[in-house]
Enquirer: 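Input: one structure, supplied below.
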Amino acid sequence: MFSRIARPTATLVRSLSTSSQHNAKVAVLGASGGIGQPLSLLLKNSPLVSELSLYDIAHTPGVAADLSHIETRATVTGYMGADQLGAALKGCEVVVIPAGVPRKPGMTRDDLFNTNATIVATLADACARHCPQAMICIISNPVNSTIPITSEVMKKHGVYNPNRVFGVTTLDIVRANTFVAELKGLDPARVNVPVVGGHAGKTIIPLISRCTPKVEFPADQLSALTGRIQEAGTEVVKAKAGAGSATLSMAYAGARFTFSLLDAMNGKEGVVECAFVRSEETECKYFSTPLLLGVNLARSSLDKNGIEKNLAEAMDELKGSIKNGEDFVANMK
């Protein structure tokens, strides 16, 4: 049904240049971090955002003061520490959560689980209390577990709406578009590769055979390309040699998804993005497929033809990660 994903560059440029006057209050939780700062910069530059609420455990007033000097209409307020979290979230329509510890060389996303699970559960609890109707966009890894965590916390408060909780997997699409364009000599802004599944290793399933424009690769090159997309995060971690993980590209991808969401909330039709959400497309409770964003979220039906092997390889890992997230909340004191 939805064969094309929203254009990456067009989405970002439109949001930076449009004269739309939609008054959206957006919160970034983890705004002082490596993803949070460039993400906040991109959001500050968008006329889709009228208020930018920045929260972190340290340095947020300085980040907010710095951004507030930029000549765009969004007002910026910084909040710091647990006692100010509620105020940061009050009245927010969209909450973007990049908070957590980054990967280091040798670490998998699952190695981040214990620390980031606690952080996400705490922030999700605050969202449930202070802005239960907000759209919640989770960047914090491992997304395959942090989305079930967020969902279970919202359920405990009786405010869970599966159409309002998103795992941001946009970076997988951005990378797939870029890598395919490099190999084929194409403009990456005109390449569209749907990516389904999850957001870690083998659970990332790029549907290169359904790329727009249509591209073809020999089997060995296709296998190498798929592997590179799946392990692209590790590529960045190694290149940074202990200095962090993907931050700038993740900030771009997070901004792209947020702008698409705001466009849809502002009445724009036909806005499609992939995200890791509650799903009945497979035997997994959560799965990423193209979504038609809007008040009533529409999901594409997943054509499994030709990707059965990839799905089989992803299922066990996805199920385990989802269960880890659900069990974490069930065992919370």
Side-chain angles (χ1 to χ4, degrees), residues 2-18 34-35 38-39 41-43 45-46 48 98 137 139 143 166-201 204-218 220-240 245-264 268 270-276 288-293 300 307 310:
F2 309 128
S3 61
R4 294 182 62 83
I5 305 171
R7 292 267 30 88
T9 301
T11 299
L12 196 58
V13 171
R14 180 181 64 250
S15 297
L16 292 175
S17 62
T18 181
I35 297 171
L39 172 60
L41 173 63
L42 291 170
L43 294 174
N45 275 305
S46 173
L48 294 171
C137 307
I139 291 172
V143 166
F166 304 91
V168 180
T169 61
T170 314
L171 183 53
D172 298 325
I173 291 94
V174 168
R175 286 166 166 162
N177 293 345
T178 300
F179 299 164
V180 166
E182 287 175 352
L183 290 172
K184 291 297 185 180
L186 301 170
D187 177 356
R190 298 186 178 279
V191 175
N192 240 327
V193 181
V195 181
V196 302
H199 186 56
I204 299 170
I205 306 173
L207 305 182
I208 297 168
S209 64
R210 298 169 202 179
C211 173
T212 305
K214 186 172 179 59
V215 293
E216 293 183 356
F217 296 96
D220 57 341
Q221 193 175 26
L222 180 62
S223 177
L225 174 59
T226 299
R228 188 185 178 200
I229 293 166
Q230 292 173 333
E231 296 301 329
T234 301
E235 183 178 314
V236 176
V237 170
K238 289 180 178 178
K240 289 192 173 183
S245 57
T247 54
L248 301 175
S249 54
M250 186 63 249
Y252 168 86
R256 169 181 152 175
F257 185 83
T258 304
F259 294 150
S260 291
L261 194 56
L262 289 171
D263 271 338
K268 183 176 177 61
V271 181
V272 179
E273 289 281 0
C274 291
F276 189 67
S288 179
T289 49
L291 309 173
L292 181 63
L293 301 178
S300 68
I307 63 168
N310 306 78

Enquirer: Does any non-hydrogen side-chain atom of Pro290 lie less than 4.5 Å from one of Val196?
Expert: yes
Enquirer: Once rounded to the nearest 0.5 Å, what's the spacing between atom CD of Glu216 and atom OG of Ser209?
Expert: 10.0 Å
Enquirer: Among residues at least two apart in sequence or on other chains, which ones pass side-chain contact (heavy atoms from CB on, under 4.5 Å) with Ala253?
Expert: Thr170, Leu171, Val174, Met250
Enquirer: Taking side-chain contact (heavy atoms from CB on, under 4.5 Å) as the definition, give me every residue that meets it alongside Lys184, ordered by chain and number, with sequence neighbours left out.
Expert: Leu186, Val215, Phe217
Enquirer: Which distance, rounded to the nearest 0.5 Å, do you find between the CG of Leu225 and the CD1 of Ile208?
Expert: 4.0 Å
Enquirer: Where do Val168 and Cys137 come nearest, in terms of heavy atoms and distance?
Expert: CG2-CB, 3.9 Å
Enquirer: Strictly distance-based, threshold 3.5 Å: is any side-chain N or O of Asn177 a donor or acceptor partner for the main-chain N or O of Val191?
Expert: yes
Enquirer: Just to verify, what does Thr247 make a side-chain hydrogen bond (donor to acceptor under 3.5 Å, both in side chains) with, not counting sequence neighbours?
Expert: Lys240
Enquirer: Ignoring hydrogens, what is the shortest heavy-atom contact between Thr169 and Gly198? Give both atom names and the distance.
Expert: CG2-O, 4.4 Å
Enquirer: Distance from Leu41 atom CG to Ser46 atom OG, nearest 0.5 Å?
Expert: 11.5 Å
Enquirer: Identify, with sequence neighbours excluded, every residue that meets side-chain contact (heavy atoms from CB on, under 4.5 Å) alongside Thr258.
Expert: Leu43, Val94, Val96, Leu262
Enquirer: How many angstroms lie between atom CG of Asp172 and atom CD1 of Ile229, to the nearest 0.5 angstrom?
Expert: 8.5 Å
Enquirer: Who passes side-chain contact (heavy atoms from CB on, under 4.5 Å) against Asp187, sequence neighbours left out?
Expert: Ala189, Arg190
Enquirer: With sequence neighbours excluded, tell me which residues meet side-chain hydrogen bond (donor to acceptor under 3.5 Å, both in side chains) with Gln221.
Expert: none
Enquirer: What are the two closest heavy atoms between Pro188 and Ala181, and how far apart are they?
Expert: CA-CB, 3.6 Å
Enquirer: Find the distance between CD1 (Ile204) and CG (Asn310) and round it off to the nearest 0.5 Å.
Expert: 12.0 Å
Enquirer: Please find the pair of heavy atoms, one from Ile139 and one from Gly254, that lie closest to each other, and give the distance.
Expert: CD1-CA, 4.2 Å
Enquirer: Does Ser288 use its side chain to pair, donor to acceptor, with the backbone of Gly197 at less than 3.5 Å?
Expert: no
Enquirer: Less than 4.5 Å apart, any side-chain heavy atom of Leu183 and any of Arg228?
Expert: no
Enquirer: Looking only at heavy atoms, what is the nearest atom pair of Ser260 and Val271, with distance?
Expert: O-CG1, 3.4 Å
Enquirer: Can you confirm whether Phe166 sits close enough to Leu293 that some side-chain heavy atom of one is under 4.5 Å from a side-chain heavy atom of the other?
Expert: yes
Enquirer: Mind listing the closest non-hydrogen atom pair of Leu39 and Pro98 along with its distance?
Expert: CD2-CG, 4.3 Å
Enquirer: For the residue pair Val195 and Cys274, establish whether any side-chain heavy-atom pair is separated by less than 4.5 Å.
Expert: no
Enquirer: Under a 4.5 Å cut-off applied to non-hydrogen side-chain atoms, are Val236 and Arg175 in contact?
Expert: yes
